[in-house]
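Here's the structure we're looking at; comments come further down.
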Amino acid sequence: MNKLMSADAVVAGLRDGMTLGIGGWATRRKPMALVRAILRSPLRDLTVVSYGGPDVGLLAAAGRLRRLVFGFVSLDVLPIDPHYRNARQAGAFATMELDEGMLQLGLRAASMRVPFLPTRVGLGTDILRHNPGIRLVRSPYDDGEMLVAMPALRLDAALLHVTEADALGNTVTLSPDPFFDELMARAAERVYVSCDRLMPAGTVCTPERARFQCFERSLVSGVVEAPFGAHPTASTPGYGIDVEHLREYAAATTPELWAAYRARYVDPESPAAYIAAAGGTERLAALPPPVF
Amino acid sequence: MAPPAITTAGYSLAELCIAACAEEWRGRGEILATGIGILPRLAVGLARLSFNPELLMTDGECLLLGEPVPLGPRRGPLVVEGWMPYARVFDLLWHGRRHALVTPVQMDRFGQMNISAIGDYARPKVAILGARGYPGNSISHANSMFVPNHSPRVFVAGEVDMVCSAGFNPARWPDGRVPEWLSIGRVITDLAVLDFGGPGHGARLCSLHPGVSVAEVTAATGFPLLVDGDPPQTPAPTAAQLTLIRERLDPAGLRATIFKGDPPGDHRAAPPAGA
């Protein structure tokens, strides 16, 4: 049972038109090494489900999105991701815009294998007008309340970034907020994790650390060793958000600057070449944790 | 950045708005106060230190804080009370024990708000953040607003372009019934304080900032405002509150960046435009 594979091998197993869940939240613990591998591949027409950050921006800039299922796209330290903004304003992809909590409920419904979960969230808003596929349901109990039936968001694959993993698919996520990675894992047919540190089999968890495991190995199809694999997003406690890099990324909106960004940061296949391009291990390890 | 150059006798517009925003948490009890943005965060800290020690507040990541943390670079260890990851934030907010202070890009006469897209939805003139948590927040707990640029572009004549945050438009509610937990607090702007407490949840002018006229406010608002006689003046921050803001919550003076030129609290004392 060896689930180790390269980022490019993960992407080679994905198909055009798939629905992918991308873990993390905005500028935190995004599986960026896996996203960059998508940009190196011909994979296209993707439906992406994400609490969006530069993962969405990169895929939008490269024209890989057919549809985005999202509550937001944010770079946190910069007000807006310009790659997302430009593509969204050009109508380059379809949207299923949701409240952040509805997105969670859709993943939860998929993970529970039920068709929907009821909620009040979305009532009274244009979320319902722009998503005519989302229906209302009347409570079968005496209250008779009308609720939103948030449909299950089933994923063909989930891409997640964890702190440590072993070749069996055991993981721990040591950053302070696990976000909704567990729900993405359960909502997906297949789960691929990238990890900052690959550990010998069976050494990822101790009794004290076991609670930092977001999902069990039986959900994991593939493990990718990707030191600094979330960069330029944070994977604390290892490294913080690379604000300088995000500014360079956000400025790369002309064809020339985008080609240069891509050649420098996306094209290198090996983690070592990416780390060198991004300023080296010492620089990345010294990126401070985010302060807001 | 140097602290704003004002005397202790006076106060800046930012300080006036921080104090006015903080009032939104007075008497609200042991709930999570969420302020998104520099000024709303300072307002949470001021409410907690001035008159509501029960408030829960976070570090903007996932820790509950026992003491407000000053804006800017960390000057010491955090005093941590607990853990509030996003999953728990949703559980808490759906349960209702939260009051947020947010800054919409557009707001309409129904109290509906937009932070998603301006213009045609399919090909927006300006794509902004996305609806974020507005739909769920608006239907689960009270929300107040800080609007730094009171103008008809924010307070629009019709409905907002994309209704992210539910409001009092009965046409939008199933069965025409406004839900029980919809609660829209006051709107603190650079000119005045508004609320939706008029007949049929109509928008009202509650108070004017010093030196601002009723005509200025109504001209800058795209929908009708109920004005009851002579509106009072927005209460000034107390001396104790000014000390808390300047020395404890914002020693780096980030509040000076909220309004262009960091004007004084009294509009009549502001330098002429372009100065």
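Note on naming: letters A, B, ... go to the chains in the order of the sequence lines (proteins, then strands), and numbering restarts at 1 for each one. Note that the structure is a prediction, hence the values are computed from the model and not measured.
B:A127 and A:Q89 make their closest contact through N-OE1, 2.8 Å (heavy atoms, listed as atom of the first residue, atom of the second, distance). Closest non-hydrogen pair, A:D99 versus B:P135, comes out as OD2-CD, 3.3 Å.
With a 4.5 Å cut-off on non-hydrogen atoms, A:Q104 touches chain B through its side chain but not through its backbone. At a 4.5 Å heavy-atom cutoff, the contact between A:Y84 and chain B is made by side-chain atoms alone. With a 4.5 Å cut-off on non-hydrogen atoms, A:L75 does not touch chain B at all. For A:P289, no part lies under 4.5 angstrom from a heavy atom of chain B.
A:R209 CZ: more than 12 foreign heavy atoms inside a 6.0 Å radius. Other residues, nucleotides and ligands contribute only 12 or fewer heavy atoms inside 6.0 Å of the CZ atom of B:R153.
The pair A:D126-B:R172 meets the salt-bridge criterion, since a charged nitrogen lies less than 4.0 angstrom from a carboxylate oxygen.
With a 4.5 Å cut-off on side-chain heavy atoms, B:M84 and A:D177 do not count as touching.
Figure legend: cation-pi geometry between A:R88 and B:Y121, with NZ or CZ positioned under 6.0 Å from the six-membered ring centre and within 45° of its axis.
Between B:F90 and A:W25, the angle of the ring planes lies from 30° to 60°, which puts this pair in the tilted group.
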